[in-house]
Amino acid sequence: MLIHFETEASPGVRQYLPYDDRTQTLRQIKDYPRSFTRVPAQPLIDRPLTLSELTGPTEIERRLPTGNADFSCLVPGGPRALGQFMTVAGRITDEDGAPLAGALIEIWQANASGKYIHEYDSHQAPLDPNFIGQGRFLTDAEGGYQFRTIKPGGYPVGSNDWWWRPPHIHFSIFGMSWMDRFITQIFFPGEPLNEADLLLNGIPDPEARQRVMFEPLPTKVTKTLNILEFRRDFVLRGKSKTPELL
Amino acid sequence: MSRAPVQTRTETRPAIVSPYGTIGPFFPFAFVDDANDLTEFEGRKAMGQHIWLAGTVVEEGNVPTGNTLLELWQPDTNGIFRHPLDPRHADADPGFFGFGRARTDRQGFYRFRTVLPGQSREPDGTIRTAHANLTILAIGLTRRLVTTIFFSDQPETADDPVLRCVPQSARPRLFARKDNALAASGLPGYRFDVVLRGAGETPFFVD
Ligand SMILES: [Fe+2]
């Protein structure tokens, strides 16, 4: 079946193909109960992309204000949150490899004991008075971003310990239009809980699965620096609409 | 570097796009709760008819779906998107940003305060029936769901390019209806209920 997913070519219009399911998380995952009561049973409907889908919020930080990107303490120089201090850096590009400058990133994560600041989090673990674990910041002109935080703990889903989520950090990204609005969660390499996590292993393709893993950088042991550093790049859907002749 | 030809899902293309993930249960309320009012932007009031756009989200078995995130993107009262791709964007209402967020409570209820959108105009002159775009993110959804809200008391343009793709029998489910029970603070209410799965399922689009 062909998917008609493009609009008429016009200047500045970008091309968005449907997500290729082979690179994505399964829509329904065995033993992940909600995916069987919430994922639509009817086939998704193909439609052309109009201005409505090809536009999207610009300068979104004027609606969703950004702050500083240091989540390891509440105020600069203040007491550090419990847990392993770490940094994350990366770059956001489109499918052409072009940087997405000024993209807004939201992150949210559990504290070191696996507890979120959230009304619905019933995990019997303490909050950390020096940790909030949520905030917003922008990518720079090269699409680069970085933030500091502490490594989150794993946490149980529900109350009977049937599923412990491995440590992960949630990302929400506003790209260039309604079509590349993106949400995911990023995992830590080498965590034993990764082996059985329903969501991580809901990405069947091993190569695609690597794209939701932090890459550890070699620890820099110098006179002044010895920090746990991770890298995570994102490729958002979309490419420049250049004429494809021949 | 040579480019691959325009591709469709039936052909191979490099598997490079980052995998989507579920929003999960703990998206911060603080990221949502000041964002469901689209009728004001940077101290200016939006032009046009202000409305409540509200409803419930349910899943299989008509069970309310709490703790979902809904995101709205729409043009202003004149149908202009605040985005450079819209040929009319220089005339966009400076008091209207066009993006908002709401979440459902435990009963599955959500509510936006927004502006009744005008008819947008495609670069080729096609007029679109007045509409707003809605994205739904929730536990259990490893990908977002996207749909379009039309308004039952607004004129339908001939052959709306999106509406015409929806089977005739399912089209009424994409229309928000005026509902006096939702009117408040002098603003009319429009009800748009979402059925994620099951009888009366809301039409969702390929994404
Ligand atoms: Fe989480």
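First the proteins, then the strands, lettered A, B, ... as listed; each starts at 1.
Across every non-hydrogen atom of E119(A) and R106(B), the tightest pair is OE2-NH2, 4.4 Å. Across all non-hydrogen atoms, the minimal contact from T22(B) to H170(A) is O-ND1, 4.4 Å. Here the closest non-hydrogen pair linking H83(B) and G56(A) is CD2-O, 3.1 Å. The two residues H131(B) and S52(A) come nearest to each other via the heavy atoms NE2-OG, 2.6 Å. When every heavy atom of T58(A) is checked against every heavy atom of F97(B), the shortest pair comes out as O-CZ, 3.2 Å. When every heavy atom of R27(A) is checked against every heavy atom of D207(B), the shortest pair comes out as NH2-O, 4.5 Å.
With a 4.5 angstrom heavy-atom cutoff, T135(B) touches chain A via backbone and side-chain atoms both. Proximity to chain B (any heavy atom under 4.5 Å) is shown, for R62(A), by both the backbone and the side chain. Interface residue D37(B): only backbone heavy atoms are found under 4.5 Å from chain A. In this structure, chain A has no heavy atom under 4.5 Å from any part of L163(B). E59(A) touches chain B through backbone and side chain together, each having a heavy atom under 4.5 Å away. With a 4.5 angstrom heavy-atom cutoff, P161(B) touches chain A via backbone and side-chain atoms both. Neither the backbone nor the side chain of I80(B) comes within contact range of chain A, judged by heavy atoms closer than 4.5 Å. When heavy atoms are compared at a cutoff of 4.5 Å, L198(A) does not approach chain B at all. For F182(A), the parts lying under 4.5 angstrom from a heavy atom of chain B are both the backbone and the side chain. In this structure, the portion of F36(A) lying under 4.5 Å from any heavy atom of chain B is its backbone and not its side chain.
V57(B) places none of its side-chain heavy atoms less than 4.5 Å from the side chain of R38(A). The closest side-chain heavy-atom distance from R211(A) to V17(B) is not below 4.5 Å. Considering only heavy atoms from C-beta on, W178(A) comes within 4.5 Å of N133(B) through its side chain. T50(A) has its side chain out of reach of S120(B): every pair of non-hydrogen atoms, C-beta onward, lies at least 4.5 Å apart. Between F31(B) and L64(A) there is no side-chain heavy-atom pair separated by less than 4.5 Å. Contact check for S35(A) versus L141(B): no side-chain heavy atoms found under the 4.5 Å cut-off. Within the 4.5 Å cutoff, side-chain heavy atoms of F81(B) are placed close to those of L51(A). Contact annotation: the side chain of Q134(A) never approaches that of F27(B) to less than 4.5 Å [non-hydrogen atoms, C-beta and beyond].
Taking chain A as the reference chain and counting heavy-atom pairs below 4.5 Å, the highest number among F205(B), W73(B), F204(B), F99(B) is found for W73(B). Listed options G135(A), A208(A), P43(A), S172(A) were ranked by heavy-atom pairs under 4.5 angstrom with chain B; first place goes to G135(A). The most heavy-atom pairs under 4.5 Å with chain A, out of A138(B), S18(B), P203(B), C165(B), come from S18(B). Put simply, of T184(A), T55(A), V235(A), the one with the most heavy-atom pairs under 4.5 Å next to chain B is T55(A). The choice from V212(A), I29(A), I183(A) that makes the most heavy-atom pairs within less than 4.5 Å of chain B is I183(A). Comparing G66(B), G21(B), A132(B), P19(B) by heavy-atom pairs within less than 4.5 Å of chain A, the highest count is held by P19(B). No other option in G98(B), P25(B), A170(B) has as many heavy-atom pairs under 4.5 Å with chain A as P25(B). Interface remark: of the candidates L199(A), I45(A), L236(A), I45(A) forms the most heavy-atom pairs closer than 4.5 Å to chain B.
Taking 4.0 Å as the cut-off between side-chain N and carboxylate O, R63(A) and D34(B) do not count as a salt-bridged pair. Between R101(B) and E106(A), at least one side-chain N (NZ, or NE/NH1/NH2) sits under 4.0 Å from a carboxylate O, which counts as a salt bridge. Contact check on E71(B) versus R181(A) returns a salt bridge, with a Lys/Arg side-chain nitrogen under 4.0 Å from an Asp/Glu carboxylate oxygen.
Counting heavy atoms of neighbouring residues, nucleotides and ligands inside a 6.0 Å radius, atom CD of Q124(A) does not exceed 12 of them. More than 12 heavy atoms of other residues, nucleotides or ligands shown are found within 6.0 angstrom of CG on L69(B). Under a cut-off of 6.0 angstrom, the local environment of CZ in R113(B) is crowded, with over 12 non-hydrogen atoms contributed by other residues, nucleotides or ligands. Counting heavy atoms of neighbouring residues, nucleotides and ligands inside a 6.0 Å radius, atom CZ of R144(B) exceeds 12 of them. In the displayed structure, R164(B) atom CZ is contacted under 6.0 Å by more than 12 heavy atoms of other residues, nucleotides or ligands.
Going from atom CG of L85(B) over to atom CZ of R14(A) covers 9.5 Å, rounded to the nearest 0.5 Å. Put simply, CG on L44(A) and CG on L145(B) are 7.5 Å apart, with the number rounded to the nearest 0.5 Å.
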Tell me, with the steps shown, if F29(B) and H118(A) meet ring-ring contact (aromatic ring centres under 6.0 Å, His included). CA-CA 7 Å; F29(B) 286 176; H118(A) 198 285; 4.4 Å; yes
Full working for side chain to side chain contact (heavy atoms under 4.5 Å, CB included) between V146(B) and R47(A):
CA-CA 11 Å; V146(B) 289; R47(A) 49 88 161 90; 4.0 Å; yes
Q: Go through the steps to decide whether V162(B) and E53(A) satisfy the test side chain to side chain contact (heavy atoms under 4.5 Å, CB included), and finish with yes or no.
A: CA-CA 11 Å; V162(B) 170; E53(A) 297 82 18; 4.0 Å; yes
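Formation of a donor-acceptor pair under 3.5 Å by the T25(A) side chain with backbone atoms of Y20(B) is found in this model. Between the side chain of Q42(A) and the backbone N or O of E201(B), no donor-acceptor pair lies under 3.5 Å. Between the R197(B) side chain and the V39(A) main chain, a donor and an acceptor come within less than 3.5 Å of each other. No donor-acceptor pair closer than 3.5 Å links the side chain of E60(B) to the backbone N or O of A41(A).
Proximity of the aromatic rings of F26(B) and Y120(A) is defined here by a centroid distance below 6.0 angstrom, and this criterion is not met.
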